[in-house]
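Structure first, commentary second.
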There are 2 protein chains.
Amino acid sequence: MLFVSKDPVVSRSTLKRLPLYLHLLEALLAQGVECVSSTQLAREFNFNPTQVRKDLEVTGEVGKARVGFRVAGLVVRIRDFLGWNSTHDAVLVGVGNMGKALLGYKDFEKYGLNIVAAFDKDVRKVGATTFDREVLPLAQLPKFIKRTKVHIGILTVPAREAQPVVDLMLAAGIKAIWNFAPAPLRIPAGVILENARLTQSLAVLTSHLTHQN
Amino acid sequence: MLFVSKDPVVSRSTLKRLPLYLHLLEALLAQGVECVSSTQLAREFNFNPTQVRKDLEVTGEVGKARVGFRVAGLVVRIRDFLGWNSTHDAVLVGVGNMGKALLGYKDFEKYGLNIVAAFDKDVRKVGATTFDREVLPLAQLPKFIKRTKVHIGILTVPAREAQPVVDLMLAAGIKAIWNFAPAPLRIPAGVILENARLTQSLAVLTSHLTHQN
DNA sequence: CTTTTATCGAGAAGATTATATCGATACTTT
DNA sequence: AAAGTATCGATATAATCTTCTCGATAAAAG
Ligand SMILES: NC(=O)c1ccc[n+]([C@@H]2O[C@H](COP(=O)([O-])OP(=O)(O)OC[C@H]3O[C@@H](n4cnc5c(N)ncnc54)[C@H](O)[C@@H]3O)[C@@H](O)[C@H]2O)c1
Ligand SMILES: NC(=O)c1ccc[n+]([C@@H]2O[C@H](COP(=O)([O-])OP(=O)(O)OC[C@H]3O[C@@H](n4cnc5c(N)ncnc54)[C@H](O)[C@@H]3O)[C@@H](O)[C@H]2O)c1
């Protein structure tokens with residue numbers, strides 16, 4: 001779509017398919033499979049083989065005619081491309097149901113994400129330790145972001161609180177926001193916003209079920 | 001993309017933008033705003049006005065030149081279109097961190113989703129009550145689905161457990177699956193699969209941060 | 001009452017994304 | 001060794017999605 005600055009123009013669609021391939025490839029790697037063709041991968045997901053090849057092209061891994069791609073090579077290349085071989089620190093704001101689920105998710109480290117601190121404005125939550133991380137008062141958020149130079153902000157507050165918290169984050173220098181609240185956010189160009197809105201996902205299900213009858 | 005059976009009248013992109021409009025429109029409605037133009041809506045999201053009009057067209061609501069669309073009308077039409085004015089019952093399997101967050105989410109009823117029961121294979125979790133719902137043993141899942149004719153299955157088990165649980169659901173007659181596990185699932189045509197994969201969403205963030213430097 | 005302006009809906013044009021085609025290549029089979 | 005075949009990468013074509021253009025229309029301004 002938009003949002004990429006220079007030449008490495010990779011579509012958001014491709015970007016979202018890469019983790020799908022990766023998960024499968026890691027399973028194949030664990031099974032000891034050495035090579036896999038675009039045809040095989042495509043069959044797993046009901047994609048088109050050409051599309052798979054185009055997607056994998058962005059990682060730089062080249063395949064061999066009649067053989068396919070090296071599984072181990074693809075795994076490394078995709079992880080590198082996605083930035084999952086390095087660590088991206090993040091702060092989380094809103095230690096409610098969703099916030100706690102994210103804080104408790106061990107596998108984020110596999111995806112290069114490291115939640116270093118959590119914040120809440122509810123004094124009853126502050127001070128408690130949630131999954132080994134202390135919950136800090138919201139007031140300390142700006143200073144913390146500036147001091148630790150953390151780039152990612154995870155937003156798990158109620159919708160009406162989302163924009164004010166985002167403004168705090170932006171003022172403190174956050175570069176990317178992962179938003180779970182069903183609220184339209186205003187952010188300046190240059191900052192990446194990714195909405196993990198479950199309601200959007202749900203819309204696909206409920207509308208299909210509705211129009212099927 | 002693919003996976004819609006007959007005439008895929010509405011694109012998935014449009015489908016995912018409708019909830020965005022809806023959330024904003026509901027806020028406007030609460031403020032007493034009566035009409036809104038595609039231009040105004042577009043500005044809020046940095047979309048193109050024509051795109052907004054095309055999206056809204058699918059709901060059947062017609063606008064008035066020089067005035068725009070009735071906010072109240074759009075809210076009803078979008079909710080109807082998405083199936084959010086009726087109730088879709090669902091079962092949830094895997095009462096871990098994510099499963100509990102979903103069980104505790106009060107607003108799902110606004111989105112037409114009603115989680116009627118939760119299942120887990122861990123005997124320590126079974127019997128406990130999580131957010132007013134008893135956790136049932138996995139063994140009871142098939143009978144429960146058949147008896148209650150529930151259509152939606154929510155999958156919050158570890159990735160390696162995903163396919164076996166899906167197979168159970170399918171055999172019992174589930175029509176739509178909302179999957180949170182990072183695993184490629186095999187499902188027959190006619191069943192709707194929607195992946196709420198946070199790792200796909202995360203890929204957008206981490207890859208951008210990586211390639212910016 | 002006429003002109004101006006903002007917006008609509010329909011259709012055309014443009015951009016992006018997905019798929020098909022094809023020569024080259026590397027492995028298998030005969 | 002030669003023939004056959006699956007797959008690659010490159011390029012062309014097709015499909016889809018987005019944006020532009022324009023005549024019609026409804027409200028506001030003159
Ligand atoms: N729980 C889910 O399954 C789910 C599903 C879809 C969307 N969401 C969205 O995710 C967000 C969080 O949902 P939840 O279920 O965790 O809600 P929740 O009410 O359980 O938690 C919200 C937390 O944010 C804190 N908070 C409120 N305002 C704050 C502020 N200004 N600064 C810092 N902290 C603040 C609250 O104290 C609370 O701890 C909501 O926007 C919700 O709509 C949640
Ligand atoms: N927690 C998160 O923030 C998060 C983020 C992204 C993805 N996910 C994915 O969501 C899924 C659940 O994550 P989680 O953090 O809740 O994990 P979790 O380990 O906390 O919970 C998993 C639950 O599933 C149950 N379970 C395991 N096998 C089962 C089976 N065959 N049948 C029924 N129940 C079974 C376990 O007993 C446990 O209660 C995982 O696939 C995870 O990768 C979670």
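Proteins get letters first, then strands, A, B, ... in listed order; numbering begins at 1 in each.
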*asked:* Does A:K16 have more than 12 heavy atoms from other residues, nucleotides or ligands lying within 6.0 Å of its NZ?
replied: yes
Surrounding CZ of B:R133 (heavy atoms of other residues, nucleotides or ligands, distance under 6.0 Å), is the total greater than 12? yes
Per the under-4.0 Å heavy-atom filter, residues of residues 23-40 of chain B near DNA chain C come out as B:S37, B:S38, B:T39
So, with a heavy-atom separation below 4.0 Å from DNA chain C, the residues of residues 59-74 of chain A are A:K64, A:A65, A:R66, A:V67
Distance col, row B:L56:CG vs B:L25:CG, nearest 0.5 angstrom, shows 7.5 Å
dist B:T206:OG1 -> A:L82:CG (nearest 0.5 Å) comes out at 5.5 Å
| Under 4.0 Å between a side-chain N/O of A:R17 and OP1 or OP2 of C:dA18, yes or no? | yes
Atom [atom1] of [X] and atom [atom2] of [N]: how far apart are they, to the nearest Å?
| X | N | atom1 | atom2 | value |
| --- | --- | --- | --- | --- |
| B:N48 | C:dA13 | CG | C1' | 13 Å |
| A:F47 | C:dA18 | CZ | C1' | 12 Å |
| A:D55 | C:dT16 | CG | P | 17 Å |
| A:L15 | C:dT16 | CG | C1' | 16 Å |
| B:K54 | C:dG14 | NZ | C1' | 13 Å |
| B:Q51 | C:dT16 | CD | P | 13 Å |
| B:K16 | D:dC17 | NZ | P | 13 Å |

Residues at least two apart in sequence or cross-chain that pass ring-ring contact (aromatic ring centres under 6.0 Å, His included) with A:F119, listed by chain then number, are A:F144
Side-chain donor-acceptor contacts of residues 162-169 of chain B below 3.5 Å, not counting sequence neighbours, with atom names and distances?
residue	atom	partner	partner atom	Å
B:Q163	OE1	B:R186	N	2.9
B:Q163	NE2	B:D167	OD1	2.9
B:Q163	NE2	B:R186	O	3.2

Side-chain donor-acceptor pairs of residues 89-111 of chain A under 3.5 Å, sequence neighbours excluded:
residue	atom	partner	partner atom	Å
A:D89	OD1	A:N114	ND2	3.0
A:N97	ND2	B:G104	O	3.3
A:Y111	OH	A:H23	NE2	3.3

The salt bridge (Lys or Arg N to Asp or Glu O under 4.0 Å) partners of A:K121 (sequence neighbours excluded) come to A:E161
Side chain to side chain contact (heavy atoms under 4.5 Å, CB included) with A:L28: of A:V75, A:V33, A:L74, only one passes, and it is A:V33
With the side chain defined as heavy atoms from C-beta on, B:R53 is closest, among C:dA10, D:dT19, C:dT21, to C:dA10
